[in-house]
Protein chains: 2
Amino acid sequence: MLDVEKNYAGSRRDEIIDVATEMFLEHGFAGTSMAKLAEAIGIKKASFYHHFASKDDLFAACVPHGYGDALSRVQDVIASKGDPETKLRQAIDILYDTTISSPVGRMSHLIAEVSRTFPGVARAFHEGYVAKQRDLISEIVREGVASGTFKQMEERLLMHMLMGPIVTLSLSREMFIQFDDLDSHFPIEVLRDGHKDLLAFILTHVQKDKVDEFR
Amino acid sequence: MLDVEKNYAGSRRDEIIDVATEMFLEHGFAGTSMAKLAEAIGIKKASFYHHFASKDDLFAACVPHGYGDALSRVQDVIASKGDPETKLRQAIDILYDTTISSPVGRMSHLIAEVSRTFPGVARAFHEGYVAKQRDLISEIVREGVASGTFKQMEERLLMHMLMGPIVTLSLSREMFIQFDDLDSHFPIEVLRDGHKDLLAFILTHVQKDKVDEFR
DNA sequence: GTCTATATCACGATAGAC
DNA sequence: GTCTATCGTGATATAGAC
């Protein structure tokens, strides 16, 4: 069962999306030419236009690639047994993994790159991924609030404190990928575990009006 | 003293940097052509090459544009009178402002865009801005630890929790700039103030070994 | 320092045979 | 579905007069 080459089962379209996603991440949208892309796949670039109408069209197809997996992994956590804090910690582990290591999370700066000339992609990304992931996290926290484990917290502030550090860590690692000491500047495990502990502490101990006391 | 047009005092180079920075932010690196840039400045594109050797060269000159101001504003806070928590809150206000509203903070996804083909820019950005801003924040927190106001906290985790939400907020606002309800999805003041309160709470109450209790 | 004019080239996309 | 061949465009950059 050791297939180094993926088996695309006759679906050249899927193969193109896989290869293109990698190349977009590696070289950016403008930096990925149809010629180099075709070469990487092993077809002539004219053949490509049989599968996609344009380069924009291809990019729009690459962005949702991986949504499903990233969302269903968090859904699995929700469906599992366990107390809310354990579920939240598991969800955060998944978010670190998908945001830093899988295409769907690493696409952020590409979407920002094309958002001005190609606004539909950003909207699709928000509706198809960002909003859904937010709803899943909120569900876990609501469960915790209902059971008395967590204090109430404004949804947008929760996402700000939860996704903020993760997305920035992913962006930083893309931006400074050339650093040979990248892992010592931006260590995934250390930051992830510290982040989890602090979030759990906040959610279990800080009440909205209690925070204001310390102003 | 009402000059709508800036006075560049004979320095066309500075004028080019100002206009180019705006255009890079608006249209991305690849999306900004020398022709359109020249047109916006009011010269022919050939004339541009008298001031910069290449487009890369120009971009490299645009990135540090604004470092000084963003850093010196935090330095002013450090030099001012006030308790560490007040200073930290003031510094965070400045970081929200500069990261979201000024070019130096909004450049992140552009630097990520060009980092593969143009690695020098990312390194310069890290040394010239990221590391220095980190040192300034650390100085404030160290002051607080010395005076007993703050608990000790690992520097990288501190920056993860402090800069992470801010940078992601800035990136999100760039990415979803087309949304007409952008401010209700990503409200600056609400998130900033909540973030400040939570960070202050963490720094004044959470001890490293105390966090571990809640695992 | 700015101009006109141009070199050179890579890009996205298309036409039409097989 | 893939190919060869090519179109048209717009890009960075240069040459050389003023």
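In what follows, chains carry the letters A, B, and so on, assigned in the order in which the sequence lines appear, proteins first and then strands, with residues in each chain numbered from 1.
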Atom CD of B:Glu15 with >12 non-hydrogen neighbours under 6.0 angstrom: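 Counting neighbours around CD of B:Glu15, more than 12 heavy atoms of other residues, nucleotides or ligands fall under 6.0 Å, so yes.
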
query: Under 6.0 Å from the CD atom of B:Gln178, do we count more than 12 heavy atoms belonging to anything else shown?
result: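 Counting neighbours around CD of B:Gln178, more than 12 heavy atoms of other residues, nucleotides or ligands fall under 6.0 Å, so yes.
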
message: Taking side chain to side chain contact (heavy atoms under 4.5 Å, CB included) as the definition, give me every residue that meets it alongside A:Glu154, ordered by chain and number, with sequence neighbours left out.
response: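 Applying side chain to side chain contact (heavy atoms under 4.5 Å, CB included) to A:Glu154 gives A:Arg156, A:Leu157, B:Val190.
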
- prompt: In Å and rounded to the nearest 0.5 Å, what is the CD1 to CD1 distance from B:Ile166 to B:Ile92?
  reply: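 Reported to 0.5 Å precision, the distance equals 6.5 Å.
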
Taking the side chain as every heavy atom from C-beta outward, state whether [X] and [Y] have any atom pair closer than 4.5 Å.
X	Y	value
B:Leu203	B:Leu158	yes
B:His109	A:Leu110	no
B:Gln75	B:Ser72	yes

- prompt: Taking only residues two or more places apart in sequence or in another chain, which ones pass ring pair (Phe, Tyr, Trp, His ring centres under 6.0 Å) with B:Phe24?
  reply: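 For B:Phe24, the residues satisfying ring pair (Phe, Tyr, Trp, His ring centres under 6.0 Å) (neighbours in sequence not counted) are B:Phe29, B:Phe59.
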
Scan the side chains in residues 123-135 of chain B for donor-acceptor partners under 3.5 Å anywhere in the protein, sequence neighbours excluded, and list what turns up.
from, atom 1, to, atom 2, distance (Å)
B:Tyr129, OH, B:Gln133, NE2, 3.0

- request: For DNA chain C, determine which residues of residues 20-41 of chain A have any heavy atom closer than 4.0 angstrom to one of its atoms, and list them numerically.
  value: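 Those residues are A:Thr32, A:Ser33, A:Met34.
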
query: Which parts of residues 45-59 of chain A get close to DNA chain D, meaning a heavy atom less than 4.0 angstrom away?
result: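 Here the set is A:Ala46, A:Ser47, A:His50, A:His51.
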
- prompt: Which nucleotide span of DNA chain C, 5' end to 3' end, has atoms closer than 4.0 Å to non-hydrogen atoms of chain B?
  reply: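 Going 5' to 3' along DNA chain C, contacts run C:dG1 to C:dA5.
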
Aromatic ring proximity B:Tyr96/B:His195, centre distance under 6.0 Å: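 Yes, they do, as the ring centres are separated by less than 6.0 Å.
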
